[in-house]
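Any value given below was found using the heavy atoms of this structure, including those in side chains, with hydrogens, waters and symmetry copies removed.
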Amino acid sequence: MTTMEKQRHIVIVGAGQAGYSVATSLRRKGFGGRISLFGNEDLPPYQRPALSKAFLLGKIDRERLLLKPATSYAEEQVALVLGETVEALHPARREIIVSGEVVTYDDLVLATGAEPRRLPDVDANALHVLRGFADAERLGAALHPGRRLLIIGGGYIGLETAAVARAKGLDVTVLEAAPRILQRVAAPETSDYFRALHVERGVTIIEGVSMKSLTVADEVRTVTLSDGRRLDADIVVLGIGVSPRTELAERAGITVDNGIVVDAQGRTSEPNVWAVGDCCSFPYQGRRIRLESIPNAIDQAGVVAGALLGADERYEAQPWFWSDQYEVKLQTAGLNIGYDRTIVATRGGDSRSCAVWYFRGATAIAVDAINDARTYMAARRAFQLDKAPTYDEIARATAEPNLRPAG
């Protein structure tokens with residue numbers, strides 16, 4: 001290793017899964033220079049998906065959330081700086097400002113993640129969000145049996161929270177402004193499955209109605225709906241999605257379009273500045289997308305780390321996601337953008353196990369496998385090998401197919 005390589009300083013802003021993965025991948029690939037990892041939370045990098053599942057249920061504690069012991073960062077010569085916010089970025093001078101202090105870099109990786117969307121004109125202290133450890137800790141302390149919980153937003157985070165709350169004995173209502181839950185991410189068939197599941201468990205689901213206002217009196221939250229109804233709740237959770245954290249990049253003049261714009265190796269519009277994970281948008285099958293998932297953060301981080309060290313690999317996303325609700329596991333392979341029809345395939349007559357296949361034209365582009373790990377693994381493998389099944393193949397393999405167009 002040359003003296004120049006030893007002196008090279010790679011700074012990573014954001015100590016979530018993406019930033020952590022860049023740091024560990026750099027060391028795994030043999031980088032011997034300096035690595036500084038800055039996080040604005042006090043906790044070392046941890047598993048974020050578990051917050052709305054095992055952590056809220058009390059099945060794992062703070063230490064088991066950690067991606068690795070805090071002591072290992074020093075052992076791997078990664079300078080982990082926690083509880084600090086990066087205030088400014090000056091690409092021309094290759095420096096960032098942290099708590100008023102200047103930190104110089106040779107290369108900078110932005111892994112700033114995303115933050116929960118808020119409602120205008122609503123006191124943030126009157127409701128909960130669920131994104132970071134402090135959010136989960138605060139919400140978990142409020143989830144007591146018999147309390148009334150209102151969840152605004154019927155996406156996966158909202159539904160996972162609903163499942164945990166019902167398991168803890170709370171009275172749960174989910175309010176979704178769109179005509180159906182999961183509308184942004186899934187087909188009507190998947191929405192129908194999870195609606196029935198939650199209703200069966202005692203959750204009240206209200207669709208096609210939004211929140212008009214929220215007031216607090218004597219610790220009771222009263223929500224007025226767009227149809228004039230009023231709901232009283234002890235706890236209100238806001239789960240209406242997230243927005244990429246791009247402010248630092250924008251102020252520095254870096255190009256942003258639904259995230260920090262990067263190429264297939266993670267380069268931004270500024271030399272020596274890279275971006276990875278939830279905060280960035282990247283090329284995918286002729287369009288530009290942003291993926292909010294742990295697999296994307298890990299895989300993209302590996303490509304960025306390699307590019308930092310001179311490799312020419314391009315990131316080819318292989319999207320997959322999962323959600324746990326009650327005893328049901330949803331595993332999604334592929335991305336259903338632009339699908340025009342679906343097939344629902346059941347396995348062995350088990351109504352709790354099925355797969356919703358998405359097609360664009362004649363070719364499968366994604367599948368929601370519900371309690372069906374075998375279909376999920378086969379589909380994921382097929383997509384990776386560019387051997388996606390056709391509509392006719394899935395229809396023939398399905399004993400009693402439920403065929404319908406998208407809508």
Among all residues two or more places apart in sequence or in another chain, which pass the salt bridge (charged side-chain N to carboxylate O under 4.0 Å, His left out) test with [X]?
| X | answer |
| --- | --- |
| Asp392 | none |
| Glu393 | none |
| Asp232 | none |
| Glu101 | none |

Which atom pairs, one a donor and one an acceptor, fall under 3.5 Å between side chains of residues 35-45 and the rest of the protein, sequence neighbours left out?
{"from": "Ser36", "atom 1": "OG", "to": "His9", "atom 2": "NE2", "distance (Å)": "2.7"}
{"from": "Glu41", "atom 1": "OE1", "to": "Tyr46", "atom 2": "OH", "distance (Å)": "2.8"}
{"from": "Glu41", "atom 1": "OE2", "to": "Tyr46", "atom 2": "OH", "distance (Å)": "3.0"}

- Task: Can you sort out the partners of Phe282 under ring pair (Phe, Tyr, Trp, His ring centres under 6.0 Å), two or more places apart, ordered by chain and number?
- Result: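 Tyr315.
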
- Phe359: what forms a ring pair (Phe, Tyr, Trp, His ring centres under 6.0 Å) with it, not counting sequence neighbours?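 Only Tyr391 meet the ring pair (Phe, Tyr, Trp, His ring centres under 6.0 Å) criterion with Phe359.
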
Contacts table for residues 141-149: side-chain donor-acceptor under 3.5 angstrom, sequence neighbours left out:
{"from": "His144", "atom 1": "NE2", "to": "Ala141", "atom 2": "O", "distance (Å)": "2.9"}
{"from": "Arg147", "atom 1": "NH1", "to": "Ala142", "atom 2": "O", "distance (Å)": "3.0"}
{"from": "Arg148", "atom 1": "NE", "to": "Asp234", "atom 2": "OD2", "distance (Å)": "3.2"}
{"from": "Arg148", "atom 1": "NH2", "to": "Asp234", "atom 2": "OD1", "distance (Å)": "3.2"}

- Message: The test is side-chain contact (heavy atoms from CB on, under 4.5 Å); show your working for Leu335 and Phe321 and say whether it passes.
- Response: CA-CA 10 Å; Leu335 207 59; Phe321 314 87; 4.0 Å; yes

Please collect all salt bridge (Lys or Arg N to Asp or Glu O under 4.0 Å) contacts where either partner lies in [range], sequence neighbours excluded, each pair once.
| range | answer |
| --- | --- |
| residues 371-386 | Arg347-Asp372 |
| residues 54-80 | Lys68-Glu76 |
| residues 217-228 | Glu219-Arg221, Asp227-Arg229 |

Identify every side-chain donor-acceptor pair in residues 249-256 under 3.5 Å, counting partners at least two apart or on other chains, and give the distances.
{"from": "Glu250", "atom 1": "OE2", "to": "Thr246", "atom 2": "OG1", "distance (Å)": "2.6"}
{"from": "Arg251", "atom 1": "NH2", "to": "Glu87", "atom 2": "O", "distance (Å)": "2.8"}
{"from": "Thr255", "atom 1": "OG1", "to": "Ser269", "atom 2": "OG", "distance (Å)": "3.3"}

Judged by modelled atom types alone, do [X] and [Y] share a side-chain donor-acceptor pair under 3.5 Å?
| X | Y | value |
| --- | --- | --- |
| Gln183 | Ser191 | no |
| Asn258 | Arg288 | no |
| Glu115 | Ser243 | no |

